[in-house]
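Comments concern the structure below.
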There are 2 protein chains.
Amino acid sequence: MRSPEPRFAYIASVIAEPSRARMLALLLGGEARSAGELARAVSITPQTASTHLAQLLDAGLVKLRAQGRHRYFTLADADVAHLLEALSLVVERDDVRSRWDTPAYKPLKYARSCYCHLAGELGVRQRDALLAQRVLVHGADGALTLSQDAAKWLRNARFGDDAIASLQRDATKKRFVYSCMDWSERREHLAGVFATRLLTHFVEMGWLRKDKTGRALATTPPGVRALSMLFG
Amino acid sequence: MRSPEPRFAYIASVIAEPSRARMLALLLGGEARSAGELARAVSITPQTASTHLAQLLDAGLVKLRAQGRHRYFTLADADVAHLLEALSLVVERDDVRSRWDTPAYKPLKYARSCYCHLAGELGVRQRDALLAQRVLVHGADGALTLSQDAAKWLRNARFGDDAIASLQRDATKKRFVYSCMDWSERREHLAGVFATRLLTHFVEMGWLRKDKTGRALATTPPGVRALSMLFG
DNA sequence: CATTCGCTTCGATCCCGCCCGAAGCATTTA
DNA sequence: TAAATGCTTCGGGCGGGATCGAAGCGAATG
C-alpha cells in the first residue's frame with residue numbers, strides 16, 4: 001500500500017506543468033508531432049521543450065520515433081489517452097454546459113479525435129448506430145464484438161475486401177473494440193483498434209477533416225451524405 | 001482551445017503533491033475521513049494538512065461535511081474516482097504483473113472498494129455473473145439495465161422487499177449501473193448506484209470486511225458461501 | 001569537408017509553493 | 001467561565017524545478 005503512491009504523485013506532477021499539459025493535449029489528437037513543432041505550439045524555446053519531452057518520456061507518457069534529425073512524439077498508449085480524457089472530464093465538470101456551448105467549443109463538441117478514435121456527438125452517434133444495426137453485438141461475457149454480418153455494413157462504408165478480411169482477423173484480439181465514456185457527451189463511444197481504423201478510413205475517404213489543432217473534426221459535404229447513410 | 005489547459009494543468013498539480021496524493025488514495029476507499037485523521041495518516045502536522053485540504057476543496061476534488069468540531073472529507077464524485085483509477089492504471093502499467101503478484105498486493109488485487117463499489121478479481125467476477133445470469137442486460141442503446149427478473153436474484157442475495165422496490169425505482173436513473181475498466185484486472189467491472197448498494201449490502205451482511213486502509217476487502221467464511229452461490 | 005538545422009546538455013537565475021512554529025477561532029466539555 | 005480539542009491563518013525559511021543563454025553533438029545538405 002505504501003509503494004505506489006510516490007509514483008502516483010510523480011505521474012501527476014509530470015502532467016501538472018502547464019507547457020507539458022498543453023503538449024499532451026495536442027498529442028491527444030492522435031498525430032505524431034516533432035519536438036520543434038511542440039515547442040512552437042506552446043511558445044517555449046526548443047531547449048526548454050527538450051527537457052520537458054525528456055520528462056514525458058521518462059514518465060512513460062509519450063513514445064518516441066526518431067526519423068533523421070527529427071524526433072516525433074505520440075502518446076504512449078490508450079491508457080494514457082484514457083487518463084487525459086478522465087482528467088478533462090473532471091476539469092470541465094463544473095460548468096460543462098456553459099463552456100461547451102461557447103462558439104469556440106462547438107466543433108470540438110460535435111466531433112473530435114480522442115487519441116485515435118472518434119469522440120463527441122458524432123462518436124456517440126457512431127456507437128449507437130453500430131449497435132442498433134447489429135454491426136457490433138454484446139457477447140456472452142458482455143464484451144463487444146464484430147457481428148457475423150458486419151461485412152455488409154463495412155462494404156457500404158467503402159472498405160475494400162482485404163481491409164474487411166483484416167478487420168475480421170483482428171476481431172478476436174484483446175481491446176479490438178470497447179466502449180468508453182465521452183467527457184463532453186457523458187455517454188459511451190467506441191474505442192480500440194476497430195474504432196481507430198474507422199476514423200482513419202473516414203479521414204482517408206475525405207468524409208472527415210482534421211483542423212490545424214489535430215483535435216477537432218469537420219464533416220465535409222460528401223461526408224455528410226456518407227455518414228448519415230451509415231449512421232442512419 | 002486555449003482556455004481549458006491552464007485548469008487542466010492546475011487540477012493535475014493539485015493531485016501531484018505527495019501528501020495530497022496519499023490523502024486522495026485513502027479517500028478512494030469510499031469512506032469519509034476527518035482532517036486530523038488524514039493528517040496522521042500521511043504523517044504531516046494538522047496545519048499543513050489543513051492547507052492541503054483547502055486546496056483539494058478549491059479544486060473540487062473532495063467534498064466536505066462539517067459535523068461539530070470535526071470536518072469529514074470524501075471524494076467529490078464518481079468522476080474524480082474515475083480519474084484517480086485511470087491515473088493508477090498508468091502508474092501501474094509498466095510492471096502490472098510483478099507488482100500485483102507481491103504478497104502485499106494480493107488482498108488489493110483480489111477485492112477492493114473503488115470509491116464505493118467492488119473492484120479487483122471479485123469485481124470482475126461480479127459483473128460476469130450478473131450478465132451471465134441475466135440480472136443485468138444490455139438495452140437497445142447498449143446501456144446496462146436491471147432485467148425483469150432481477151428481483152429473484154436480489155432476494156437470493158437477502159435484499160429486503162423494500163430495498164428491492166427502491167432499487168427498481170432507481171433503475172431508470174442515469175448512471176444507475178455501468179461498466180468501467182478495472183486497473184488491476186484490465187477487464188470491466190460494475191460501477192454506479194447499483195454497484196454501490198451491492199457493496200454496502202455485502203459489507204452489512206458481513207460477507208465482506210474492509211481492512212484498516214478502507215481499501216482492501218476480505219471475504220469472510222459466510223461470505224465465501226454466499227458469494228459463491230450468487231456469483232455461480 | 002564545411003555549413004545548416006534540429007535537438008540536447010550545462011550553468012545560473014529566479015520564483016513558486018511546501019513546510020512548520022506560533023497564534024487565533026470555534027466547538028465541546030468540565 | 002475556563003480548559004481542552006479540532007482546525008485554520010499568518011509568517012518566514014527553504015528547496016525544487018522551470019526558464020533561457022551558451023555551447024555541443026549528430027544528421028542532412030551543399
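Sequence lines set the chain letters: A, B, ... in the order given, protein chains first and strands last, and positions in each chain run from 1.
- Of the options A/Val62, A/Val80, A/Leu84, a side chain to side chain contact (heavy atoms under 4.5 Å, CB included) to A/Leu27 is made by A/Val62 and by none of the others.
- A donor-acceptor pair under 3.5 Å links the side-chain atoms of A/Arg215 to the main chain of A/Ser113, judged by distance alone.
- Each of A/Ser50 and B/Ser13 has a nearest nucleotide on DNA chain C; the 5'-most of these lies closest to A/Ser50.
- Distance CD (A/Gln67) to C1' (C/dC7): 15 Å, rounded to an integer number of Å.
- When the C1' atom of C/dC18 is taken as reference, atom CZ of B/Arg20 falls 9 Å away, rounded to whole Å.
- Comparing A/Leu53 and A/Arg69 by the nucleotide of DNA chain C that holds the closest heavy atom to each, the one mapping nearer the 5' end is A/Arg69.
- Proximity note for A/His70 (side chain, C-beta onward) versus C/dC18, C/dG6, C/dC20: the nearest is C/dG6.
- Rounded to whole Å, atom C1' of D/dG16 lies 13 Å from atom CD of A/Glu17.
- The side chain of B/Thr45 lies closest to C/dG21, out of D/dC7, C/dG21, C/dT8.
- For the pair A/Glu85 and A/Arg112, the salt-bridge criterion is met [side-chain N within less than 4.0 Å of a carboxylate O].
- For A/Gln47 and D/dG21, a side-chain-to-base donor-acceptor distance below 3.5 Å is present, hydrogens and geometry of angles not being considered.
- Side-chain atoms of A/Thr220 come within 3.5 Å of backbone N or O of A/Trp207 as a donor-acceptor pair.
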